[in-house]
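This report refers to the structure that appears directly beneath it.
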Amino acid sequence: MPEGHTIRRLARDHKRLFGGAPVAASSPQGRFAAGAALLDGQTLTRTDAHGKHLFHGFGDAGRTPARWLHVHLGLYGKFQLGEVPEPAPVGQVRLRLVGAGHYADLRGPIACEVLTPADKAALHARLGADPLRSDADPDAVWQRISRSRTTIGQLLMDQAVIAGVGNVYRAEVLFRHGLDPHRPGRDLDRAQWDAVWTDLVGLLRAGVRAGRIVTTRPEDRDRRSGTPSREDATYVYRRAGMPCRVCGTPVRTEPMATRNLYWCPTCQL
DNA sequence: GCTAAATGTTGAT
DNA sequence: TCAACCTTTAGCT
């Protein structure tokens, strides 16, 4: 499900499955027909991910891509992968990519468009630091947070501040650090922020590896061995009214900036 | 079989 | 602050 880890994983997988050879692009649904025609037959040379934004670079090998496919999955978007021969498209397939051995169907994205390198640069410029990127600058994030009266719960969801953190990672990382989501950013001290950032890097990397979000430590799960169930994978996300895994207090929920916030009022101060 | 909700963002008010 | 959008799934009946 699409927070930053999903996008990074897609970038990696698509590079491996489709990179280096011409790709057939089409829009079975028709809504991306013109864009698909621009990409059809081009070679995928690079992929990139920044926060929840996915990029596929097309052009000549060894050169900077001349065109970039930009995809944002939004809340519902999904890539479905399979092996050739590709079946007849089912449902609303915005984009179908077919390579030598695999195909990918894209459904329900909020953005699917072709960008110039300048367009792409502009998009990067408005995104904040991505814990999964080596060029991320946590100092810049700290500057924003330490001067802000906005709550840390809202700051963590602001893609211009931190790119790639969504509603699940927000709730979970704040729980793991005992931070009340309602605290203004400037109430945090540097050590707290550094710990949160370091944890986000680790959590997102683990998410890329596992292909899912797991934030609980084994000793805090109901079942301590084996692959954690979906229910066991989080401390507070979507656990409203259920006992906190650490102290037993019912987990609280309330809307924060149009999204459902979850937190433990006892553990998070 | 229907309804509501969901890991997100944008644009209008 | 609110509605709109794109699609799937969980939880009802």
Side-chain angles (χ1 to χ4, degrees), chain A residues 1-11 27-33 35-36 49-55 69-82 89-96 104-113 115 119 122-128 130-132 150-151 153-176 181 200 203-216 228-242 251 253-263:
Chain A
M1 320 299 183
E3 293 194 20
H5 68 297
T6 305
I7 310 308
R8 169 57 60 98
R9 192 178 165 96
L10 286 170
S27 180
Q29 172 202 54
R31 283 188 51 181
F32 187 56
H50 189 161
K52 300 164 191 169
H53 298 258
L54 175 65
F55 304 91
L69 170 68
H70 168 227
V71 172
H72 193 299
L73 294 177
L75 201 50
Y76 330 109
K78 210 169 243 178
F79 270 105
Q80 180 188 43
L81 290 172
V90 176
Q92 298 292 306
V93 178
R94 183 81 56 90
L95 168 67
R96 167 171 278 185
D105 282 349
L106 172 63
R107 293 183 177 83
I110 199 166
C112 176
E113 58 186 351
L115 300 182
D119 295 333
L123 221 163
H124 286 296
R126 73 172 172 80
L127 290 173
D130 179 344
L132 288 172
T150 305
T151 64
Q154 291 187 67
L155 287 165
L156 283 177
M157 292 284 281
D158 185 344
Q159 300 299 300
V161 178
I162 305 183
V165 172
N167 207 19
V168 182
Y169 282 122
R170 157 175 81 170
E172 295 297 304
V173 80
L174 289 174
F175 177 87
R176 286 168 58 97
L200 282 172
L203 287 172
L204 281 154
R205 281 183 185 164
V208 174
R209 225 175 299 124
R212 59 192 289 238
I213 300 176
V214 176
T215 60
T216 47
S229 65
R230 198 167 113 159
E231 164 55 29
D232 256 352
T234 55
Y235 282 103
V236 288
Y237 177 72
R238 290 250 254 174
R239 295 192 71 243
M242 299 169 72
V251 172
T253 185
E254 77 182 16
M256 177 185 268
T258 77
R259 309 300 301 282
N260 294 323
L261 172 70
Y262 303 88
W263 82 103

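The figures here come from the full heavy-atom set of this structure, side chains too, leaving out hydrogens, waters and symmetry mates.
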Residue [X], side-chain heavy atoms: nucleotide from [options] that is nearest:
| X | options | result |
| --- | --- | --- |
| A:R238 | B:dA5, B:dG8, C:dT7 | B:dA5 |
| A:H72 | B:dT10, B:dT9, B:dT7 | B:dT9 |
| A:Y237 | B:dG8, B:dA6, C:dT7 | B:dA6 |
| A:E3 | B:dT7, B:dT10, C:dT7 | B:dT7 |
| A:Y76 | B:dA6, B:dT10, B:dT7 | B:dA6 |

Main-chain N/O of A:L132 paired with A:R205 side-chain donor or acceptor, under 3.5 Å: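 Judged by distance alone, no pair lies under 3.5 Å.
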
Under a 3.5 Å distance rule, please check whether A:Q159 uses its side chain to pair with a backbone N or O of A:G51 as donor and acceptor. no

Integer-rounded Å distance: [N] [atom2] and [X] [atom1]:
| X | N | atom1 | atom2 | result |
| --- | --- | --- | --- | --- |
| A:Y262 | B:dT7 | OH | C1' | 11 Å |
| A:H5 | B:dT7 | NE2 | C1' | 8 Å |
| A:K52 | C:dC6 | NZ | P | 20 Å |
| A:N167 | B:dA5 | CG | C1' | 13 Å |
| A:M157 | B:dT7 | CE | P | 8 Å |
| A:F79 | C:dT7 | CZ | C1' | 15 Å |
| A:L75 | C:dT7 | CG | P | 13 Å |
| A:E113 | C:dC6 | CD | P | 16 Å |

Please figure out whether A:T258 or A:G91 has its closest DNA chain C nucleotide nearer the 5' end. A:T258

Shortest non-hydrogen pair, A:T151 vs A:P181, comes out as CB-O, 3.3 Å

Establish, with yes or no, whether the OP1 or OP2 oxygen of [N] is under 4.0 angstrom from a side-chain nitrogen or oxygen of [X].
| X | N | answer |
| --- | --- | --- |
| A:R107 | C:dT9 | no |
| A:R94 | C:dC6 | no |
| A:N260 | B:dA5 | no |

pair A:E231-A:R239: side-chain heavy atoms closer than 4.5 Å: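 Yes - at least one pair of side-chain heavy atoms lies under 4.5 Å apart.
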
Within the 4.0 Å heavy-atom criterion, would you say [X] contacts the bases, only the backbone, or no part of the nucleic acid?
| X | result |
| --- | --- |
| A:Q29 | sugar-phosphate |
| A:R170 | nothing |
| A:R9 | nothing |

Going by atom types only, do A:R94 and A:Q29 share a side-chain donor-acceptor pair under 3.5 Å? yes

A:H50 NE2 to A:R126 CZ distance, which is reported to the nearest 0.5 Å: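 Nearest 0.5 Å value for the NE2-CZ distance: 10.0 Å.
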
Taking the P atom in each of B:dT13 and C:dC5, what is the distance between them to the nearest angstrom?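 Looking at atom P only, B:dT13 and C:dC5 are 14 Å apart.
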
Between C:dA3 and B:dA4, how many Å separate the two P atoms, rounded to a whole number?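 Each nucleotide's P atom is 15 Å from the other's.
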
